[in-house]
Number of protein chains: 2
Amino acid sequence: MAETAGGEGLLFLTDEQLRKGIEAMFFAYRGFTADPDRILEGMDYGRAHHRAIHFVHRSPGTTVSNLLAILGVTKQSLNRVLRTLIEDGLVRSEKGRVDARERHLFLTEKGLILERELSDAQRARMRAAYRAAGPAAVQGFRQVLEAMMDPEMRKQYNRLKEGG
Amino acid sequence: MAETAGGEGLLFLTDEQLRKGIEAMFFAYRGFTADPDRILEGMDYGRAHHRAIHFVHRSPGTTVSNLLAILGVTKQSLNRVLRTLIEDGLVRSEKGRVDARERHLFLTEKGLILERELSDAQRARMRAAYRAAGPAAVQGFRQVLEAMMDPEMRKQYNRLKEGG
DNA sequence: GAATTTACGTCAGCCTTGTTGACTTTCCAA
DNA sequence: TTGGAAAGTCAACAAGGCTGACGTAAATTC
């Protein structure tokens, strides 16, 4: 058995194993986004709209600043996406009561319908993958992903985990 | 304990669990690409160049058609990337001996140096994540990712796994 | 041997989604 | 009351996807 110094049998840390993990991430992410992409093509929306819809649904009433922090894009970029979603009546923007500078974002009925369609598709794939791999694998999956995040993103992720 | 029909305790298949998985994928993929992105910014290259370099390194002598199938982009898109890499002397293109229509692609010395820099960074993150999560988690991670791929992509992935 | 198909390259133009920079409006808080 | 934060907007640009059309060389098929 190929061992590294320390003799713990860290076969899973060889460059070859790491490379497989890298390629698995690459190919899997394609599958991960494939279904929503398919639904959105033809509509005037893209992946950026999906992300905005997802996180507004996830945290109703969230502010633009919040969303910027989560999505990690510039406000100009987010604004373009948000503006079309508001114009098309998928997202509602509400001036803050406590702090009137802030805009609180909500999905409208119409927005909720699209969100449902997108997340149903994405969850279906995730469910199939989970079912195929089993509960123990799922736990490992989540552990590795969490460890792979930047600390700042991990914070965001955990905040969402609790908050929901 | 919340059970679904069948009584196997499929707690990991609840919508809430699936949503967490979806968000974990989103945030983790950001981390996954962050280091190479940082290295490439400033150079005239981007993520698309990284992908081309990765898979040419992975399968030296691969053809353009092969690369197109793996990357899932149009030849025009790939060509733009490949052309700059060839011009800059990172990739060498060689007319096929058996079939002279084909172009076989290789990394040059210079290409190998950049590839090393990029993959070192990406592997370092992957290694840290693997180490933090442990071997069992890594196995689960790979199982779920593989199950998440489109069948066509899974074929490509497995072909690479063996071939290497 | 001629016709067709395949592999590759290229030009032109378009779209989405990211970026910077500059600027305004609104409004809270010191 | 004034400084600064939050939000929005305009303009310009770049990366990297896409389609469509076309050209060339080589292989394959008829």
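Since we're looking at a predicted model, the values are computed, not measured. Any value given below was found using the heavy atoms of this structure, including those in side chains, with hydrogens, waters and symmetry copies removed. Per chain, numbering begins at 1; letters A, B, ... match sequence-line order.
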Report all side-chain donor-acceptor pairs from residues 85-99 of chain A shorter than 3.5 Å, counting only partners two or more places apart or in another chain.
from, atom 1, to, atom 2, distance (Å)
A:Asp88, OD2, A:Tyr45, OH, 2.4
A:Arg92, NH1, A:Glu94, OE2, 2.6
A:Asp99, OD1, A:Arg101, N, 2.9
A:Asp99, OD1, A:Arg101, NE, 3.0
A:Asp99, OD2, A:Arg101, NE, 3.4
A:Asp99, OD2, A:Arg101, NH2, 2.7

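In terms of modelled atom types and a separation under 3.5 Å, the side chain of A:Arg47 and the main chain of A:Asp37 share no donor-acceptor contact. Looking at B:Ser77, its side chain never comes within 3.5 Å of a backbone N or O of B:Thr74 through a donor-acceptor pair. A side-chain donor-acceptor contact under 3.5 Å links A:Arg125 to the backbone of A:Gly31.
Residue order along DNA chain D, read from the 5' end via each residue's closest nucleotide, puts A:Arg103 first among A:Arg103 and B:Leu78. Residue B:Val64 is the one, among B:Val64 and A:Ser77, whose nearest nucleotide of DNA chain C lies closer to the 5' end (criterion: closest heavy atom).
Taking the six-membered ring for Trp and the full ring otherwise, B:Phe55 and A:Phe26 have centroids separated by under 6.0 Å.
Rounded to a whole Å, the NE2 atom of B:His104 is 12 Å from the P atom of C:dA7. The distance between atom CG of B:Asn79 and atom P of D:dC18, rounded to the nearest whole Å, is 13 Å. Rounded to an integer number of Å, the gap from NZ of A:Lys75 to C1' of D:dT9 is 9 Å. Rounded to whole Å, the distance from CZ on B:Arg80 to P on D:dT19 is 13 Å. Atom CG in B:Asp37 sits roughly 12 Å away from atom C1' in D:dA15 (whole-Å rounding). Taking atom CG of A:Leu67 as the reference point, atom P of D:dG8 lies 11 Å away to the nearest angstrom. Between the C1' atom of C:dC15 and the CG atom of A:Leu40 lies a distance of 15 Å, rounded to the nearest Å. Between the CG atom of B:Leu68 and the P atom of D:dG17 there is a distance of 12 Å, rounded to whole Å.
By the 30° and 60° cut-offs, the orientation of the rings of A:Tyr130 relative to A:Phe141 is perpendicular.
For residues 44-51 of chain B, proximity to DNA chain D is found at B:Gly46, B:Arg47, B:Ala48, B:His49, B:Arg51, defined as any non-hydrogen atom under 4.0 angstrom from a strand atom. A heavy atom lying under 4.0 Å from DNA chain D marks the following residues of residues 83-101 of chain A, by number: A:Arg83, A:Arg101.
In this structure, a donor-acceptor pair under 3.5 Å is present between the side chains of B:Glu23 and A:His54.
With B:Tyr29 as the fixed residue, the ring-ring contact (aromatic ring centres under 6.0 Å, His included) test singles out one of A:Tyr29, A:Phe32, A:Tyr157: A:Tyr29.
The base of D:dG16 is not paired with the side chain of B:Gln76 by any donor and acceptor separated by under 3.5 Å.
Hydrophobic clustering keeps B:Phe106 apart from B:Leu82 (ILVMFWY residues linked when any side-chain heavy atoms are closer than 4.5 Å, directly or through intermediates).
For B:Glu102, whose side chain is taken as the heavy atoms from C-beta onward, the closest listed nucleotide among D:dT9, D:dG16, C:dA7 is C:dA7.
Between A:Thr74 and the phosphate of C:dT19, there is a side-chain N or O to OP1/OP2 separation shorter than 4.0 Å.
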